[in-house]
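We use all heavy atoms of the structure for the numbers below, so side chains are in, but hydrogens, waters and symmetry mates are not. Naming: A, B, ... by sequence-line order, numbering from 1 per chain.
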Number of protein chains: 2
Amino acid sequence: MARTTLHDWQDSLERALGLFWRKGFHATSLKDIEGALDMRPGSIYAAFGSKGQLFQEALERYARLALAELERVLASHESPLAGLAAYLRQLGGLCDHEAPSRACMLVKSLLELGEQERVARGKAEALLAGMETRFIACFADAQEAGELDPRLDPVRLGRRLQAEVMGLRSFAQRDIESAAVHAVAEDMAASLEALRSSTA
Amino acid sequence: MARTTLHDWQDSLERALGLFWRKGFHATSLKDIEGALDMRPGSIYAAFGSKGQLFQEALERYARLALAELERVLASHESPLAGLAAYLRQLGGLCDHEAPSRACMLVKSLLELGEQERVARGKAEALLAGMETRFIACFADAQEAGELDPRLDPVRLGRRLQAEVMGLRSFAQRDIESAAVHAVAEDMAASLEALRSSTA
DNA sequence: ACGCAACTTGAGTGATCACTCAATGCTACC
DNA sequence: GGTAGCATTGAGTGATCACTCAAGTTGCGT
């Protein structure tokens, strides 16, 4: 029939994700994307539609990976609270690994995008809501397991945890010693563990 | 001698601050600024030098106002810990007032600016460090007043508080019910108050 | 071997970007 | 009232923006 595609869609998306995560939406130009994907404008538009649509695909991929990582950490711990605490402690190591940015791409997008980019902004909001939902489910699970006082509100705890993660990762974006980030993460994790019922 | 200035420098800066706070650095164009200040490019450049310098002036003004507000709340409470808790609870009302943005402009800038805007980014970092310093001083004061266990580390507590404020305000930027933000703020404030020494 | 169709190219689109500067307007002083 | 001199104007600068499309390239079915 026809010529085979030269570029792998997933791989191109991965490269674009790195760019957008590091530089944000507005500061990333099509020139940057052309360079990172080694593609010319025509191919990019044929594959992804527009800069905005490419950004949205990148957002979704980011959120999928972030949720998968959370699931991985949760699965490797015996209880929901222990899993969440481990997740926080792992975030304490943000400064120690190379990544496009230490801040959460969803938060960066939430703070950067305005009315002009309504659709992408809405996507970021929805993906953050998804993370919140997962956090809430963890606390509900902890209650079912008798790990958490049943009088506490999982929704409230989930939202607080999301705010703490947002704050921790934004704090890590500062030009600061790795130890400071580890310490903040440790304190947050300890607070979480302090919720554990003494009867559990 | 000469013609008197038509525009008030402080007032112009205030308008620019509102724009930058709401839309961020990249999404704010000189056209936007011309409109908000009712000034033509020549006047803007004569008064502020460049878009980047105007942004930096706005950042500094923002930080000065934010610090002043913190001082105001602290002064109106009898103890450092009570003041900080009140500050957090006040942030819970972010959704209830009209403001350019519910998120902190320093955090928005920290997450948005890259290597291209190194100077402005550095300024945002320095101003955040100033806020951190003030938080730390509060905890040190609380220890001197016997309000806080002297074995705790004020630096560590100050950083954790900054991360929580960053997170709370970023969370408030979500399209969410005001009550949810109030609840997160209340929980953070309660955690802070739980630090109070039983002997105080 | 060939021709079609899908993929890729890259010069070019108009719009908008931050910014400049010669001309003009205005006021304070003489 | 004249004028010295700063404030202001706004059309215009080259660069860059996101994006298009006709032409070229290539692999697959026949």
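- Between the CD1 atom of A:Ile33 and the P atom of C:dT8 there is a distance of 16 Å, rounded to whole Å.
- Here the P atom of nucleotide D:dA11 and the CD1 atom of B:Ile44 are 15 Å apart, to the nearest Å.
- Residue B:Thr4 is in sugar-phosphate contact alone, with no base atom involved, counting any heavy-atom pair closer than 4.0 Å across all strands shown.
- Checked against C:dC7, D:dA7, D:dT9, the side chain of B:Ser43 finds its nearest nucleotide in D:dT9.
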Using nucleotides 15-20 of chain C, report all nitrogen or oxygen pairs with the protein that are shorter than 3.5 Å.
residue, atom, partner, partner atom, Å
C:dA18, OP1, B:Thr28, O, 3.3
C:dA18, OP1, B:Lys51, NZ, 2.8
C:dA18, OP2, B:Leu30, N, 2.8
C:dC19, OP2, B:Tyr45, OH, 2.6
C:dC19, OP2, B:Lys51, N, 3.0
C:dC19, O5', B:Tyr45, OH, 3.1

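- Taking the ring axis of A:Phe25 as reference, the NZ or CZ atom of A:Lys51 stays within 45° of it and closer than 6.0 Å to the ring centre.
- Defined by atom type and a distance below 3.5 Å, a donor-acceptor pair is present between the side-chain atoms of A:Ser101 and A:Gln173.
- Remark: the A:His26 side chain and the B:Glu112 side chain contain no N/O donor-acceptor pair separated by less than 3.5 Å.
- Between A:Arg3 atom CZ and C:dC7 atom C1' there is a gap of 5 Å when expressed in whole angstrom units.
- The two atoms that bring A:Val107 and A:Leu128 nearest to each other are CG2-CD2, 4.5 Å, heavy atoms only.
- Among pairs with a residue in residues 126-157 of chain B, none fulfils ring pair (Phe, Tyr, Trp, His ring centres under 6.0 Å), at least two apart in sequence or across chains.
- Per the geometry, CG belonging to A:Asp38 stands 18 Å off P belonging to C:dC7, to the nearest Å.
- Remark: the A:Asp96 side chain and the A:Ser178 side chain contain an N/O donor-acceptor pair separated by less than 3.5 Å.
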